[in-house]
2 protein chains.
Amino acid sequence: MEQLKRAIEERGSVLTEGVLKVDQFLNHQIDTSLMINIGKEFVRRFDDCKITRVLTIESSGIAPSFMAANELNVPLVFARKKKSLTMSDNVYTSSIYSFTKQETNEITVSKNFLSPKDHVLIIDDFLANGHAALGLTDIVEQAGATVAGIGIVIEKSFQDGRKTIEEEGYRVESLARIQSLHDSKITFLNDL
Amino acid sequence: MEQLKRAIEERGSVLTEGVLKVDQFLNHQIDTSLMINIGKEFVRRFDDCKITRVLTIESSGIAPSFMAANELNVPLVFARKKKSLTMSDNVYTSSIYSFTKQETNEITVSKNFLSPKDHVLIIDDFLANGHAALGLTDIVEQAGATVAGIGIVIEKSFQDGRKTIEEEGYRVESLARIQSLHDSKITFLNDL
Ligand SMILES: Nc1nc2c(ncn2[C@@H]2O[C@H](COP(=O)(O)OP(=O)(O)O)[C@@H](OP(=O)(O)OP(=O)(O)O)[C@H]2O)c(=O)[nH]1
Ligand SMILES: Nc1nc2c(ncn2[C@@H]2O[C@H](COP(=O)(O)OP(=O)(O)O)[C@@H](OP(=O)(O)OP(=O)(O)O)[C@H]2O)c(=O)[nH]1
């Protein structure tokens, strides 16, 4: 997606070998008009799928998935990383291991908001090792629902998240795919 | 705001004397078309103000503030409750005391995204004791910027948040104001 790639080049920066900082438009400050176009692009990519719900995870997944859910005229659900004030015990949970923090965290979705009849488009901001996405697919499977596919804003193609998810049989659509962040230079996969 | 009040009546439930559960459309599942109308209503309420930035706090503040920022054509910034992977040390912080958890938490906004020239519309989902809103106004003041006003989706008028914020000299616009949740019944302020 050209507008997104230009935003990454002009407003993103390479923090370390493996980390792209896009706080200026995605992870702390949000460029809502770019997010609207991102949402519409996800809908275009999955227009061959039946989708009854969009599932993401707090916090950075909410803005990119907002307009996708709106265009599809379906609800948006965001998985919680820690218990909220009003979350009941009637929930699906999945464990996600974090390499960075060297710990396992539980994510939660209320059983009220996923049924076996659902066809779910999962959306998240980054795809790195794929653990978050697989936590979300696990929850969809527990609900007896169908994963329509996984939409990712920025894929780090030099990590194995995409491969891991595709090996599970899920379809991945990434709007930007980063081949490398080596030497603080951003190289997109299709630039090669 | 009628559509919001109807959503609260039809899809909200009273959890305890002081807590309204609206997970079905605001705090866990999101009704994006309602959120779009909420964003537009905030813009209408503040159309007499100059606004250069919208500031909210993760996670439930993001969806209600999204369309307000978009209609105003300004960036949306969400304060972080805990350090993210890419947050630098160049930040404004404020402490918020939680009665429920009996602890103090720090919220953070990067200095890159608030300047003294900014006129900031603060938006949040609930107004209860006002601590979160005052944490955000404190950050705006630290930045040398101006608080244009505070937009709240659901105000619990039986708590003193609004009074506390107004005593600080800030303008509050709440789209629904709840007089009481007594006996599991939802009574709006203007129903009296
Ligand atoms: N900016 C940026 N973030 C990256 C990058 N690679 C991974 N992340 C994000 O970093 C966070 C780290 O997740 P961990 O759960 O600790 O995962 P780990 O196994 O990769 O260490 C996640 O944020 P999150 O759960 O999405 O957090 P939030 O922003 O929603 O609060 C993930 O999306 C990158 O190159 N750049
Ligand atoms: N559903 C619901 N929530 C309420 C109500 N009153 C307060 N809250 C929310 O509960 C959370 C409690 O905040 P605390 O910081 O523990 O505050 P406290 O002093 O009121 O105990 C906040 O969620 P938050 O920071 O907005 O969390 P998040 O949803 O953004 O993750 C606040 O918005 C209510 O009647 N109903």
Side-chain angles (χ1 to χ4, degrees), chain A residues 12-13 15-16 18-36 39 53-63 65-82 84-88 91 98 100-101 108-110 112-114 126 128, chain B residues 12-13 15-16 18-36 39 53-63 65-82 84-88 91 98 100-101 108-110 112-114 126 128:
Chain A
S13 58
L15 261 199
T16 71
V19 180
L20 173 71
K21 180 170 179 165
V22 285
D23 280 19
Q24 202 175 333
F25 62 87
L26 179 61
N27 291 122
H28 187 26
Q29 177 162 267
I30 295 172
D31 177 339
T32 59
S33 93
L34 174 59
M35 293 301 122
I36 286 173
R53 195 107 43 180
V54 177
L55 175 65
T56 188
I57 180 166
E58 59 178 345
S59 306
S60 295
I62 294 168
S65 55
F66 185 92
M67 216 58 187
N70 195 253
E71 292 267 314
L72 291 165
N73 203 19
V74 302
L76 172 63
V77 178
F78 64 93
R80 287 283 191 175
K81 292 176 186 169
K82 57 183 187 62
S84 76
L85 182 71
T86 50
M87 188 76 84
S88 69
V91 295
S98 160
T100 320
K101 303 181 199 101
T108 311
V109 175
S110 164
N112 292 329
F113 305 132
L114 271 185
F126 272 91
Chain B
S13 58
L15 261 199
T16 71
V19 180
L20 173 71
K21 180 170 178 164
V22 285
D23 280 19
Q24 202 175 333
F25 63 87
L26 178 62
N27 291 123
H28 188 25
Q29 179 164 262
I30 295 171
D31 177 341
T32 59
S33 95
L34 174 59
M35 293 302 122
I36 286 174
R53 195 107 45 179
V54 176
L55 176 64
T56 189
I57 180 166
E58 61 179 344
S59 306
S60 295
I62 295 169
S65 54
F66 185 91
M67 216 58 186
N70 194 254
E71 293 267 313
L72 292 165
N73 203 19
V74 301
L76 172 62
V77 178
F78 63 94
R80 287 284 190 175
K81 291 176 187 169
K82 56 184 188 64
S84 75
L85 184 70
T86 50
M87 187 76 83
S88 69
V91 295
S98 162
T100 319
K101 304 180 197 98
T108 310
V109 176
S110 165
N112 291 331
F113 305 133
L114 271 184
F126 272 91

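Proteins come first, then strands; the chains are lettered A, B, ... in the order of their sequence lines, and each starts at number 1.
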**Student:** So which of A:Val74, A:Ile36, A:Val19 has the largest heavy-atom pair count under 4.5 angstrom toward chain B?
**Tutor:** A:Ile36
**Student:** A:Asn73, A:Thr86, A:Thr16: which one forms the most heavy-atom pairs within less than 4.5 Å of chain B?
**Tutor:** A:Thr86
**Student:** With a 4.5 angstrom heavy-atom cut-off, is it the side chain or the backbone of A:Leu20 that approaches chain B, or both, or neither?
**Tutor:** backbone
**Student:** Determine, step by step, whether A:Lys21 and B:Leu85 satisfy the side chain to side chain contact (heavy atoms under 4.5 Å, CB included) criterion, reporting the C-alpha distance in whole Å, the side-chain angles of both residues, the deciding distance to 0.1 Å, and the verdict.
**Tutor:** CA-CA 9 Å; A:Lys21 180 170 179 165; B:Leu85 184 70; over 6 Å; no
**Student:** Using the test side-chain hydrogen bond (donor to acceptor under 3.5 Å, both in side chains), find all partners of A:Asn27 that sit at least two apart in sequence or belong to another chain.
**Tutor:**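 Only A:Ser60, A:Asp125 meet the side-chain hydrogen bond (donor to acceptor under 3.5 Å, both in side chains) criterion with A:Asn27.
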**Student:** Non-hydrogen atoms of chain A under 4.5 Å away: do they reach the side chain of B:Met87, the backbone, both or neither?
**Tutor:** both
**Student:** Determine, stepwise, if the pair B:Phe66 / A:Ile62 fulfils side chain to side chain contact (heavy atoms under 4.5 Å, CB included).
**Tutor:** CA-CA 10 Å; B:Phe66 185 91; A:Ile62 294 168; over 6 Å; no
**Student:** Using non-hydrogen atoms and a 4.5 Å limit, figure out which bit of B:Asp31 sits close to chain A: side chain, backbone, both or neither.
**Tutor:**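 Looking at B:Asp31, nothing touches chain A.
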**Student:** Working note: A:Glu71 + B:Thr32, criterion side chain to side chain contact (heavy atoms under 4.5 Å, CB included); need CA distance, chi angles, decisive distance, verdict.
**Tutor:** CA-CA 9 Å; A:Glu71 292 267 314; B:Thr32 59; over 6 Å; no
**Student:** Which residue out of B:Ala79, B:Ser84, B:Pro75 racks up the most heavy-atom pairs below 4.5 Å with chain A?
**Tutor:**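 Option with the greatest count: B:Pro75.
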**Student:** Identify the two heavy atoms, one from B:Leu26 and one from A:Phe78, that lie closest to each other, and give their separation to 0.1 Å.
**Tutor:**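 Looking at all heavy atoms of both residues, the closest pair is O-CE2, 4.4 Å.
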**Student:** When rounded to the nearest 0.5 angstrom, what distance separates OG in A:Ser110 from CD in B:Gln29?
**Tutor:**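 CD of B:Gln29 is found 9.0 Å from OG of A:Ser110.
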**Student:** Based on non-hydrogen pairs under 4.5 Å, which of A:Leu76, A:Val77, A:Leu55 is most in contact with chain B?
**Tutor:**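 Most heavy-atom pairs within the cutoff with chain B belong to A:Leu76.
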**Student:** Between B:Thr108 and chain A, with a heavy-atom cut-off of 4.5 Å, which part of the residue counts as in contact: side chain, backbone, both or neither?
**Tutor:** backbone
**Student:** Heavy-atom pairs under 4.5 Å with chain B - which of A:Thr100, A:Leu15, A:Asp23 has more of them than the others?
**Tutor:** A:Asp23
**Student:** Roughly how far apart are A:Lys82 NZ and B:Lys82 NZ, rounded to 0.5 Å?
**Tutor:** 8.5 Å
**Student:** Rounded to the nearest 0.5 Å, what separation is found between the CE atom of B:Met35 and the CG atom of A:Asn70?
**Tutor:**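 One gets 11.0 Å once the value is rounded to the nearest 0.5 Å.
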**Student:** With a 4.5 Å cut-off on heavy-atom pairs, point out which of B:Lys101, B:Arg53, B:His28 contacts chain A the most.
**Tutor:**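 Among B:Lys101, B:Arg53, B:His28, the one with the most close pairs to chain A is B:His28.
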**Student:** Examine whether an atom of B:Val109 lies under 4.5 Å from a heavy atom of chain A, and if so say whether it belongs to the side chain, the backbone or both; otherwise answer neither.
**Tutor:**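 For B:Val109, heavy atoms of backbone and side chain both lie under 4.5 Å from chain A.
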